Asks: 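Before I ask anything, here is the structure I am working with.
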Amino acid sequence: MTATLTVTQNPLLTGKGLPPFDAIAPEHVVPAVTQLLAELETELANLETSVKPTWEGLVEPLQRLGERLNWTWSIVGHLMGVKNSPELRSAHETVQPQVVQFWNKLSQSKPLYDAFKALRESDSWDSLEPAQKRIVEANIRDAQLSGISLEGEKKERFNAIQLELAEIATKFSNHVLDATKAFSLTLTNQEEVDGLPPSLLSLAAQAARTAGEENATAENGPWRITLDFPSYGPFMQHSTRRDLREKLYKALISRAASGDLNNWPLIDRILALRQEKAALLGFESFAELSLASKMAPNVAAVENLLEELRQASYDAAVKDLAELQEFAAEKGAPEASELTHWDVGFWSERRREEKFAFSAEELRPYFALPQVLEGLFGLVNRLFGVTVKAADDRAPIWHEDVRYFQIDDEAGNAIAYFYLDAYSRPAEKRGGAWMDECIVRAKFVEAGTTATRLPVAYLVCNQTPPVDGKPSLMTFGEVETLFHEFGHGLQHMLTTVDYPGASGINNVEWDAVELPSQFMENWCYDRATLFGMAKHYETGETLPEHYYQKLLAARHYMSGSAMLRQVHFATVDIELHHRYQPGGSETVAEVRNRIAKNTTVLPPLKEDAFLCAFGHIFAGGYAAGYYSYKWAEVLSADAFAAFEEAGLEDASAIASTGKRFRDTVLGLGGSLHPMEVFKTFRGREPSTKALLRHSGLAA
């Protein structure tokens, strides 16, 4: 198709409703975005001349304008994550600069900014609802953080930085995807796959067949091991071949760190640009700029929390490693005296198996995806009174494995929908798991009648796909990930806010966003929830009680190491964005190694280039915000403690506490400050006690 597509032909210009994924192709992107931006430029110019400092004269038309662009551009962004291809990349790259330029123009519009300030000063201010006030306040703050007060050269420089940062982030992300895809290990004889569980042998044979080895089988190979997590993780835990574990580990930590895919120079550039941007806006550091719109009051508060958690976890992590060395020595392992990075996963899994008498692999048959979904949907019904049901025929999808679901309220009315894209597809889908918005809840008047637009979420995971006719058999970790993303989805879908600017996760401070997701993970260990879903996929037998007891016992296993790892990442992130001087005496890698002295028990190897694949902070929304996982985990553990105090076995107490959680944390979205929302739910400010107790690290 050429650029002469008309609106009616181009599926990316529908502008509302569910995206017609079955009709969208990469060649639609450039003409759609080009045409849309031209229309929006005119619309913006008209709004600037006619704007009135009222909700109807300012916020509503601005919201309509923003939503038109969001609808089209977010579909492109979504497909970049789940259906990446050279054609799509090229189209994205072509129009991304114009999109960034338009957002800059919109966020730096002086007439709109002045109208927002006038609205805040006007007589009608007091008649606005709290959600409306929060939206206006956020628009004023965001305009300030978008350089509204900059003039002349400074403004031009700021916009050039925004443009370059967007381009580099996409490039960074593509490099990681390509580097992950570029490495694989093809194993051809039995001794190379010694120790590997059947589930991984099946997956590896399937990967080999996909790569062209037509006759590959789980029994006889060849087997293809990749850096994609469902392949890499189990290999590192189970392979008895230490040399191959070393090879795989070194491939993982050196991803995107050399050659054409080298992210080191991009990291330096990103940090320099962010610092320059912060300085233009009058901040001492990018971390301060980042925190200006977060829940944490300042860098000191973040560092205090991280230090409290570091002190609680460091000695426990030292002990974890010493116990592993001791265990490996008992087993006569020659490497026992000098366990290193590629040994930890293997020996901690062997010790877990012996200590708790089960392996992660043994549990897979009890966690087939259909059963897990049934358990998850049963839980949200118990907690929040909503019903989830399949609605696969209601929505076009981007891949045959994608499912579509509907959520009904107590009265049986549809209140939300979501897509679930569960399986790993390393050739086209980025790693990790995420929730994103497809459609945001809103109330609007059309032709004189008020209608509510229902929210739709994307839930994306990268779990083990169905292999050899079996359903997707999940590790317990994959179950936790699904519950986590569903928690994000619930905040988006169960919102009661009718203004899109504060509906669902919109306008929720970034460091509070993980509260519902981490809250949901706790339920994986709840007896009723677990037994509701853990059923053998062939026999239907419920998970034996002794496994449940072992899961509970194993929950705190190496939790000091796990917490210290997160503290390490978060501390590196804050340091790089607060004190690090690009081009100064210390390199980025040296900063990380310096911090590692107090935040790791096995210092990084000299070839460790983990930062080159740290997409969260260099290509995602977590820059100077990685601490948010821990900040929000304090909130989520404390929120779950409210259910423990009510009594997890008491169905009516759980339902009433669940209703309170739904009405506050899930319902209020960004309409109030998260501290107010939390206090309304819990009756007090949050405390770290529950988190340390849940982690087995309470003093």
Side-chain angles (χ1 to χ4, degrees), residues 232-233 236-239 242 245-246 248-250 252-254 302-331 333-356 360 477 553-576 586 588-614 616-617 626-627 629-630 633 688 691-699:
Y232 173 86
M236 296 303 287
Q237 284 180 318
H238 298 286
S239 170
R242 191 176 186 226
R245 295 200 310 263
E246 177 179 356
L248 208 61
Y249 178 80
K250 286 184 170 171
L252 186 86
I253 58 162
S254 57
V302 170
E303 293 187 328
N304 289 343
L305 173 69
L306 292 175
E307 180 56 20
E308 183 185 341
L309 298 179
R310 188 193 75 80
Q311 287 183 12
S313 59
Y314 189 84
D315 291 347
V318 170
K319 189 167 168 246
D320 286 343
L321 184 63
E323 286 174 354
L324 278 193
Q325 285 172 320
E326 212 173 290
F327 178 77
E330 280 169 26
K331 299 294 171 204
E335 69 265 26
S337 58
E338 49 198 51
L339 282 195
T340 187
H341 302 78
W342 49 88
D343 300 319
V344 170
F346 177 79
W347 285 108
S348 65
E349 192 53 35
R350 298 294 76 72
R351 182 166 170 256
R352 183 206 303 267
E353 287 168 1
E354 188 160 302
K355 188 175 161 87
F356 306 109
R555 186 178 187 181
H556 297 156
Y557 179 57
M558 299 200 56
S559 63
S561 304
M563 185 175 293
L564 191 64
R565 184 170 180 264
Q566 291 296 86
V567 168
H568 170 68
F569 294 155
T571 310
V572 170
D573 169 40
I574 280 287
E575 184 74 10
L576 287 176
E586 223 181 358
V588 169
E590 284 164 351
V591 170
R592 183 196 173 193
N593 290 335
R594 167 167 59 77
I595 286 168
K597 290 192 174 92
N598 296 321
T599 56
T600 61
V601 290
L602 274 178
L605 301 176
K606 68 175 190 305
E607 62 266 51
D608 190 319
F610 158 75
L611 290 172
C612 291
F614 199 179
H616 271 79
I617 70 169
Y626 197 83
Y627 76 88
Y629 281 106
K630 283 296 163 211
E633 206 177 342
T688 56
L691 174 61
L692 294 175
R693 177 169 58 78
H694 289 164
S695 309
L697 298 171

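When a residue number appears, it is its place in the shown sequence, counting from 1. On a predicted model such as this, the values are computed, not experimentally measured, just so you know.
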Asks: My understanding is that only residues two or more places apart in sequence, or in another chain, count here; which of them pass side-chain hydrogen bond (donor to acceptor under 3.5 Å, both in side chains) with Lys355?
Replies: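 By the side-chain hydrogen bond (donor to acceptor under 3.5 Å, both in side chains) rule, Lys355 matches no residue at all.
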Asks: Judged by atom type as modelled, is there a donor-acceptor pair below 3.5 Å linking the side chain of Arg592 to the main-chain atoms of Leu611?
Replies: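 No.
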Asks: How would you list, by chain and number, every residue that makes a side-chain hydrogen bond (donor to acceptor under 3.5 Å, both in side chains) with Thr688, sequence neighbours excluded?
Replies: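 Glu308.
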Asks: Quick check: closest heavy atoms across Tyr557 and Trp347, and the distance to 0.1 Å?
Replies: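 Residues Tyr557 and Trp347, closest heavy atoms: OH-O, 4.5 Å.
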Asks: So which atom in Met563 and which in Ser313 form the shortest heavy-atom distance, rounded to 0.1 Å?
Replies: CB-CB, 4.0 Å
Asks: What pairs with His341 under side chain to side chain contact (heavy atoms under 4.5 Å, CB included), at least two apart in sequence or on another chain?
Replies: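 For His341 the side chain to side chain contact (heavy atoms under 4.5 Å, CB included) partners, ignoring immediate neighbours, are Tyr249, Leu602, Leu605.
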Asks: Who are the ring-ring contact (aromatic ring centres under 6.0 Å, His included) partners of Phe614, not counting sequence neighbours?
Replies: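 With sequence neighbours excluded, Phe614 shows a ring-ring contact (aromatic ring centres under 6.0 Å, His included) to Phe569, Phe610, Tyr626, given in chain and number order.
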Asks: Go through the steps to decide whether Leu692 and Leu309 satisfy the test side-chain contact (heavy atoms from CB on, under 4.5 Å), and finish with yes or no.
Replies: CA-CA 8 Å; Leu692 294 175; Leu309 298 179; 4.1 Å; yes
Asks: Under the rule for side-chain hydrogen bond (donor to acceptor under 3.5 Å, both in side chains), what residues qualify as partners of Arg350, not counting sequence neighbours?
Replies: His238, Glu353
Asks: How long is the span from the OH atom in Tyr627 to the CD1 atom in Ile574, to the nearest 0.5 Å?
Replies: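 Result: 7.0 Å between the selected atoms.
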Asks: Which residues pass the side chain to side chain contact (heavy atoms under 4.5 Å, CB included) test with Glu586, not counting sequence neighbours?
Replies: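 For Glu586 the side chain to side chain contact (heavy atoms under 4.5 Å, CB included) partners, ignoring immediate neighbours, are Glu590, Val591, Arg594.
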Asks: Taking Ser695's backbone N and O only, do any of them form a donor-acceptor pair with Ser559's side chain (distance below 3.5 Å, no angle check)?
Replies: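 Yes, the answer is positive, given that a donor and an acceptor are paired below the 3.5 Å cut-off.
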Asks: Show me, pair by pair, the donor-acceptor contacts under 3.5 angstrom made by side chains of residues 314-329, not counting sequence neighbours?
Replies:
{"residue": "Asp320", "atom": "OD2", "partner": "Ser561", "partner atom": "N", "Å": "3.2"}
{"residue": "Asp320", "atom": "OD2", "partner": "Ser561", "partner atom": "OG", "Å": "2.7"}
{"residue": "Glu323", "atom": "OE1", "partner": "Arg351", "partner atom": "NH2", "Å": "2.8"}

Asks: Using a 4.5 Å cut-off on heavy atoms from C-beta on, say whether the side chain of His616 contacts that of Asp573.
Replies: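 Heavy-atom side-chain distance check fails, nothing below 4.5 Å.
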Asks: What residues form a side-chain hydrogen bond (donor to acceptor under 3.5 Å, both in side chains) with Thr599, not counting sequence neighbours?
Replies: His568
Asks: Sequence neighbours excluded, which residues qualify as side chain to side chain contact (heavy atoms under 4.5 Å, CB included) partners of Glu246?
Replies: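 Glu246 satisfies side chain to side chain contact (heavy atoms under 4.5 Å, CB included) with Lys250, Trp342 only.
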Asks: If you look at every heavy atom in Glu349 and Ala360, which pair is closest and at what distance?
Replies: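 So the minimum-distance heavy-atom pair works out to OE2-N, 3.3 Å.
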Asks: Calculate, to the nearest 0.5 Å, the distance between atoms OG1 and CD belonging to Thr571 and Gln566 respectively.
Replies: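 Rounded to the nearest 0.5 Å, the OG1-CD separation comes out at 10.5 Å.
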Asks: Identify the heavy atoms of Asp608 and Ile253 that sit nearest to each other, and give their distance.
Replies: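 Shortest heavy-atom contact: CA-CD1, 3.7 Å.
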Asks: So, the side chain of Ser239 versus the backbone of Met236: is there a donor-acceptor pair under 3.5 Å, distance only?
Replies: no
Asks: Using the test side chain to side chain contact (heavy atoms under 4.5 Å, CB included), find all partners of Leu252 that sit at least two apart in sequence or belong to another chain.
Replies: Leu227, Tyr232, Arg255
Asks: Who pairs with His694 by ring-ring contact (aromatic ring centres under 6.0 Å, His included), at least two apart in sequence or on another chain?
Replies: Phe640
Asks: Name all pairs fulfilling the salt bridge (charged side-chain N to carboxylate O under 4.0 Å, His left out) condition that reach into residues 336-348, sequence neighbours left out, sorted by first residue then second.
Replies: Arg242-Asp343, Arg245-Asp343
